[in-house]
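Reviewing the structure listed below.
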Amino acid sequence: MAFELPDLPYAHNALEPHIDARTMEIHHGQHHAGYTSKLNAAIEGTDLAGLSIEELIKNHSDNTAIRNNGGGYYNHNLFWKVMSPSGGGQPAGALADAINASFGTFDAFKEKFSSAAATRFGSGWAWLCVQENGTLEVCSTANQDNPLMPDAGCSGIPILGIDVWEHAYYLNYQNRRPDYIGAFYEVINWDEVAKNFGAAK
Ligand code: MN
């Protein structure tokens, strides 16, 4: 069965003013759609057809088409869901406890995550990941790599990610990636991140 481009869980303009509607239209309707169709083309008629997206990126990232397009498919599926027009603020409950235990404070987490996103050279992602021992770590990956890939230089189960490809922010922020990163906190859907945390533990 072919992978399908998921609908956005909100309208294109719902994240404004933090992320503009035109960026969302192109990002979802062109970029994510492109990863999806190229992923399907790469697996069609091969032994890889029928594997889950997690299995593909965990076990077949040595295949460049799977790495780039499977990574792109998975990463954006997560990205749309960890944002919400009613997002922002701070996490609560077990996730807040884990952030405090791993980073000291929420602000210390923010500083580390922002720095990982800002210093990723070229295109890539910054992540908040759950490690095997249950602690949280921040890291970043290049291109459409993902911490689930064994050689991404970053490990764990990703529960929050920010896309720092220029296609994610250039129309509204041009070269000001740090401003985009700052705005991202206004739309983070902490309920969804907490759900991902619960599932990853
Ligand atoms: Mn993207």
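Only this structure's heavy atoms are used, side chains among them; waters, hydrogens and symmetry mates stay out. Remember, it's 1-based here, ligands and their atoms both numbered in the order they're listed.
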Can Arg67 and Asp151 be counted as an ion pair, charged N to O under 4.0 angstrom? yes
| message | Could you tell me if Lys110 sits above the aromatic ring of Tyr185, with its cationic atom closer than 6.0 Å to the ring centre and no more than 45 degrees from the axis? | response | yes
The atom name of the N, O or S atom in Asp163 nearest to the Mn ion (ligand 1) is OD2
Worksheet entry | Metal proximity, His27 vs the Mn ion (ligand 1), N/O/S cut-off 2.8 Å | yes
Can Lys195 and Glu192 be counted as an ion pair, charged N to O under 4.0 angstrom? yes
- Task: Assess His76: does it contribute an N, O or S atom lying under 2.8 Å from the Mn ion (ligand 1)?
- Result: yes
For the residue pair Trp80 and His28, categorise the inter-ring angle as parallel (less than 30°), tilted (30 to 60°) or perpendicular (more than 60°). perpendicular
